[in-house]
Amino acid sequence: DNNKPDLRTEWDRDGAGVPDSYNLVVNPVRLREALRASFENIAARTSSASNVSTNSTEVTGESMVFQATFNSRNWSGDVVARAITASGVAAVPGWQASIAGPPWQERKLFLRTATGTVVQLDAFSALPNSDRLLLDRALVYNYLRGERTNEIRNGGRLRDRGGVLGDIVHSSPHFDGATRTLYVGANDGMLHAFDTRDGTELFAFIPRASIAARSTTGPGPLPRLSDPTYSHAYFVDGDIIVAPASSLTGNQRYLYALMGRGGRGLFSLRVTDPRSFAGDAFRWEYTPAGAGTNANDPTSAAATDANLGHMLGRPVLATLASGKLGLIVGNGYKSPSGSAVLYVFVINTDGSLDAVHTVDTKATGENGLAGPAVVDTDKDGKADLVIAGDLKGNVWKCDISSLNPTSGKVAHGGRPMFTATGPGAIAQPITAPMYAAYKPVKGNKDDKQEGRLFVFFGTGSYFRAGDST
């Protein structure tokens, strides 16, 4: 891809013999159809749907903004870095991940295998038999690693790509300043880590949820990426958060990545030194496909967890009543139970999963819980309340002040603290994260609101069929 339309397939995908963006209108009656075709052509080009990330909260000589993009023509993606100055954001990128490399043979790609171990991708023959079946054949396997000689444009039979990175649609780049690393999920089935100094890919990780077969026989979903008739699918498409080194983490750094639209659940990696990432940095995966097989392993519950949905929005890290680190997140959408449920993942200092607690609101019917706000009511540095909204417009307050397998509960007698409705008493869905804050106390005796907790949120939904109308 040299950004020039020097191949016919780049300007005449429908084989009509004229450029796809050229629409001759001889009959005025066809003007609407011609304009629609032009607009659809424009929309099919490079776009961005996730948030940007910066490496600083103030402008310095090294300030950068990082943006992930996708191209819906060939379903490829990119990450670009642009300098920020007093004059604004630079028009020319400082680096582009699609150009920075490394060569496909030198990429450090890691896969969680059927046995639960994590291996670095090298020779196809070295993979377990079951994983070779899921990845189809060596030709496709190397395509997924980044080899491009077998793409159609090069005389092969595999799907053309704009670059080796998959499209990055909803996963927002996460900058970790302590290690100068940028993390983002992509719909090539991988979580990617980039060196923010030059854009070089440090490693990529493929969770079990990306590779596991979604039918009983045949290859898994990843080989479909090589099919010329590929229909877009989501893989690692959710938000990412990194826990800083502290006594709660044994002075290590742990990453948590949601599958988002790509699957139900999340996974965790140790990223203290991303430039030396190895298979033992994998911590755990709580997805139906990646569930543990030992009954004593908390992730084993994911195999049959009916409340687990597609988690959208960023999770929250907080210290729990037990003194352990907690990752707090709504269950998301399209769970088998259809209920709105709060999840609290309890993390040990070595990054392993200690327990999974849930608080079920019992509000069912194609429902789901969005990103939460966490509140420390007694100022002891530990989470006491969690507030989150659901698709029915309900705002829920959950008490986790003494969390154990049975103690987490919905406040207000199990009822929502508020329900957002519009004209005709129609429920207004809440899908954005909550924000909670105390109004500062300034000694104004006439202000009865000083010191009180306020919750801020908006309503609306833009991820379901029909939301755009």
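Small disclaimer: the values here were computed from a predicted structure and weren't measured.
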With the threshold set at 4.0 Å, does a side-chain nitrogen-carboxylate oxygen contact exist between [X] and [Y]?
X: Arg270; Y: Asp280; value: yes
X: Arg208; Y: Asp131; value: yes
X: Glu151; Y: Arg159; value: no
X: Asp354; Y: Lys324; value: yes
X: Arg275; Y: Asp273; value: no

Side-chain ([X]) to main-chain ([Y]) donor-acceptor, under 3.5 angstrom:
X: Ser339; Y: Val341; value: no
X: Asn331; Y: Leu308; value: no
X: Arg112; Y: Glu285; value: no
X: Thr249; Y: Thr349; value: no

If you define the side chain from C-beta out and look only at heavy atoms, does anything of [X] sit under 4.5 Å from [Y]?
X: Thr196; Y: Met64; value: no
X: Tyr141; Y: Leu127; value: yes
X: Leu353; Y: Thr299; value: yes
X: Thr181; Y: Leu202; value: yes
X: Phe463; Y: Leu312; value: yes
X: Gln120; Y: Lys108; value: yes
X: His174; Y: Val184; value: no
X: Val346; Y: Val356; value: no

task = Any chance you could lay out the side chain to side chain contact (heavy atoms under 4.5 Å, CB included) test for Arg132 and Asp136, step after step, and finish with the verdict?
result = CA-CA 6 Å; Arg132 290 204 299 272; Asp136 197 20; over 6 Å; no
request  = Classify the ring geometry between Phe110 and Phe203 as parallel (under 30°), tilted (30 to 60°) or perpendicular (over 60°).
outcome  = perpendicular
ask   = Which of parallel (below 30°), tilted (30 to 60°) and perpendicular (above 60°) describes Phe345 and Tyr343?
value = parallel
Roughly how far, to the nearest 0.5 Å, is the [atom2] atom of [Y] from the [atom1] atom of [X]?
X: Asn251; Y: Thr272; atom1: CG; atom2: OG1; result: 9.0 Å
X: Thr69; Y: Leu165; atom1: OG1; atom2: CG; result: 9.0 Å
X: Asp239; Y: Ser171; atom1: CG; atom2: OG; result: 6.5 Å
X: Asp167; Y: Ser72; atom1: CG; atom2: OG; result: 9.0 Å

ask   = Considering the options Tyr254, Tyr183, Phe205, which one meets the side chain to side chain contact (heavy atoms under 4.5 Å, CB included) requirement together with Val271?
value = Tyr183
Under a 3.5 Å threshold, yes or no: a donor from one side chain and an acceptor from the other, between [X] and [Y]?
X: Ser98; Y: Asp78; value: yes
X: Thr200; Y: Asp198; value: yes
X: Tyr333; Y: Asn367; value: no

key: Verdict with reasoning, Tyr143 to Arg161, per side chain to side chain contact (heavy atoms under 4.5 Å, CB included)   = CA-CA 10 Å; Tyr143 174 95; Arg161 296 172 287 184; 3.2 Å; yes
task = Might you work through the side chain to side chain contact (heavy atoms under 4.5 Å, CB included) test for Met259 and Phe267, ending with a clear yes or no?
result = CA-CA 8 Å; Met259 294 299 294; Phe267 60 90; 3.9 Å; yes
Minimum heavy-atom separation for [X] to [Y], with atom names?
X: Ala388; Y: Gly371; result: CB-O, 4.2 Å
X: Arg153; Y: Asp160; result: N-OD1, 2.8 Å
X: Arg107; Y: Leu144; result: NH1-O, 4.2 Å

ask   = Do Phe66 and Phe194 make the cut of ring centroids closer than 6.0 angstrom?
value = no
message = Quick check: His170 with Tyr234 (ring centres under 6.0 Å apart)?
response = yes
